Amino acid sequence: MDLFWLLVLAHLVGDFPLQTDTIFHYKNKYKWGILLHVSICAVMNMVFTIPFLGYPSFWLVLFILFISHVFYDSGKIWITQTVLKDNIFLFLFDQFLHFATIWLVTVFFLGIHTTLHIDYSMPFYSDRTLVIQLSGFVFAVFALAPLVFYVQQFINSRLEKKKRKNLVFPEFRERVPGYVERFLLVLFAFLGGWFWLGVLIVFGARVLLRGEFDWPTLIFGNAVAVLTGLLI
């Protein structure tokens, strides 16, 4: 199932670090913005699956992923603009649909090709461990940013009205420290041994710099980053 993990990595790269604030704005405001975002993801699908592009049936896989991505994102935007506000449940369901589709098209492709003659002259494409590890880093560093925000949003919505905060998803510059922080946490947990001291230093620095325990970030951001480092 190397193909599955390659498509997972492609999705994570296209849907998070390459979905900039500007592209996200265009995606939610203009119909062509959705096509721009999905086209970037489609390019990532091709880049991360180059050895499979020689199979005509694989282009059907890419087409299905493109169309389904347009459908999922259009549906989510319509729901958030007409039915209910964007929230953690919609975010998780949207990602579930993407990964489920990737799994289904992988099963479909491998089902009609019992024997594959793939040119693995570029070792990256056959190194499943490396692909999974990179997926873990991209997930923890970038995908956890919106997840933490949605958790904060959910907690905030359960507070009394007078205690609620006006939460706004931070701009890129404000997110950079979090990216660096989670990257270090994943790296230190991944390396293990004495590098666990680095995990403690990062956690301690966050508490000292903020002067308080930011539980959503610590539990759903940093703790998940550490867990991801262990898992990969």
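Remember, predicted model here, so these are calculated numbers, not experimental data. Positions are given from 1 along the sequence.
Between Phe154 and Phe89, the distance separating the two ring centers is shorter than 6.0 angstrom.
Contact record, Ser126 with Asp2: O-OD2, 4.2 Å, taken as the closest heavy-atom pair. Contact detail for Thr228 and Gly136: the closest heavy-atom pair is CG2-O, 3.4 Å. In terms of heavy-atom proximity, Ser135 sits nearest to Trp5 at OG-O, 4.2 Å. In terms of heavy-atom proximity, Cys41 sits nearest to His69 at SG-CE1, 3.5 Å. Between Val168 and Phe149 the shortest heavy-atom distance is C-CE1, 3.5 Å. Of all heavy-atom pairs spanning Tyr125 and Val47, the tightest one is OH-O, 2.6 Å.
Taking OG from Ser68 and CZ from Phe63, the interatomic distance works out to 10.0 Å, rounded to the nearest 0.5 Å. Between atom CZ of residue Phe137 and atom CD of residue Gln133 there is a gap of 7.5 Å, rounded to the nearest 0.5 Å. Taken to the nearest 0.5 Å, the CD1 atom of Ile132 stands 9.0 Å off from the CZ atom of Phe4. Atom CD1 of Ile77 and atom CG of Asn28 lie 4.5 Å apart (nearest 0.5 Å). With rounding to the nearest 0.5 Å, the separation of CZ in Phe108 from CZ in Phe58 is 11.5 Å. Between the CZ atom in Arg128 and the CG atom in Leu130 there is a gap of 13.0 Å [rounded to 0.5 Å].
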### Task
Please assess Phe190 against Phe195 for the test ring pair (Phe, Tyr, Trp, His ring centres under 6.0 Å), listing each intermediate value before the final yes or no.
CA-CA 9 Å; Phe190 173 74; Phe195 286 97; over 10 Å; no
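Tyr72 and His98 have perpendicular rings, their planes meeting at more than 60° on a 0 to 90° scale where under 30° would count as parallel. Classified by interplanar angle (parallel below 30°, tilted 30° to 60°, perpendicular above 60°), the ring pair Phe109/Tyr55 is perpendicular.
In this structure the side chain of Val148 never reaches within 4.5 angstrom of the side chain of Val151, judged on heavy atoms. Contact check for Ile232 versus Val186: side-chain heavy atoms found under the 4.5 Å cut-off. Phe16 is not listed as a side-chain neighbour of Phe139, based on a closest heavy-atom distance of 4.5 Å or more. By the 4.5 Å heavy-atom criterion applied to side chains, Leu84 and Ile79 are counted as neighbours. For the pair Asp73 and Asp94, the minimum side-chain heavy-atom distance is below 4.5 Å. Between Trp78 and Ser74, every side-chain heavy-atom pair lies at or beyond the 4.5 Å cut-off. Within the 4.5 Å cutoff, side-chain heavy atoms of Thr106 are placed close to those of Ile102. Thr49 is listed as a side-chain neighbour of Phe52, based on a closest heavy-atom distance under 4.5 Å.
When the shell of 6.0 Å around CZ of Phe66 is examined, it contains more than 12 heavy atoms from other residues, nucleotides or ligands. Heavy-atom neighbours of Tyr26 OH from other residues, nucleotides or ligands within 6.0 Å: at or below the threshold of 12. Residue-environment remark: CD (Glu174) exceeds the threshold of 12 foreign heavy atoms within 6.0 Å. Summarising the local packing, CZ of Phe71 is surrounded by 12 or fewer heavy atoms from other residues, nucleotides or ligands at distances under 6.0 Å.
Note: the hydrophobic cluster containing Val61 also contains Leu53 (ILVMFWY, side chain heavy atoms under 4.5 Å, direct or indirect links). Note on Ile40: it clusters hydrophobically with Phe142, by side-chain heavy-atom contacts below 4.5 Å among ILVMFWY residues. Hydrophobic cluster membership differs between Leu187 and Ile201, with clusters built from Ile, Leu, Val, Met, Phe, Trp and Tyr side chains linked at under 4.5 angstrom.
Remark: Leu147 pairs with Ile88, Phe91, Leu92, Leu144 by the side-chain contact (heavy atoms from CB on, under 4.5 Å) rule, at least two apart or across chains.
Side-chain N or O atoms of Asn156 include none that pairs as donor or acceptor with a backbone N or O of Gln152 at under 3.5 Å. When atom types are taken as modelled, the side chain of Arg182 and the backbone of Ala140 share a donor-acceptor pair closer than 3.5 angstrom. Side chain of Trp196 to main chain of Ala189: no donor-acceptor pair is present (N/O by atom type, distance under 3.5 Å, no hydrogens or angles). Under the 3.5 Å distance criterion, the side-chain polar atoms of Thr20 are matched with a main-chain donor or acceptor of Ile23.
Side-chain atoms of His37 and Asp15 include a donor-acceptor pair closer than 3.5 Å. Between the side chains of Lys27 and Gln19, at least one donor N or O lies within less than 3.5 Å of an accepting N or O.
Ion pairing between a basic and an acidic side chain is recognised when a charged N comes within 4.0 Å of a carboxylate O; Arg173 and Asp21 show no such pairing.
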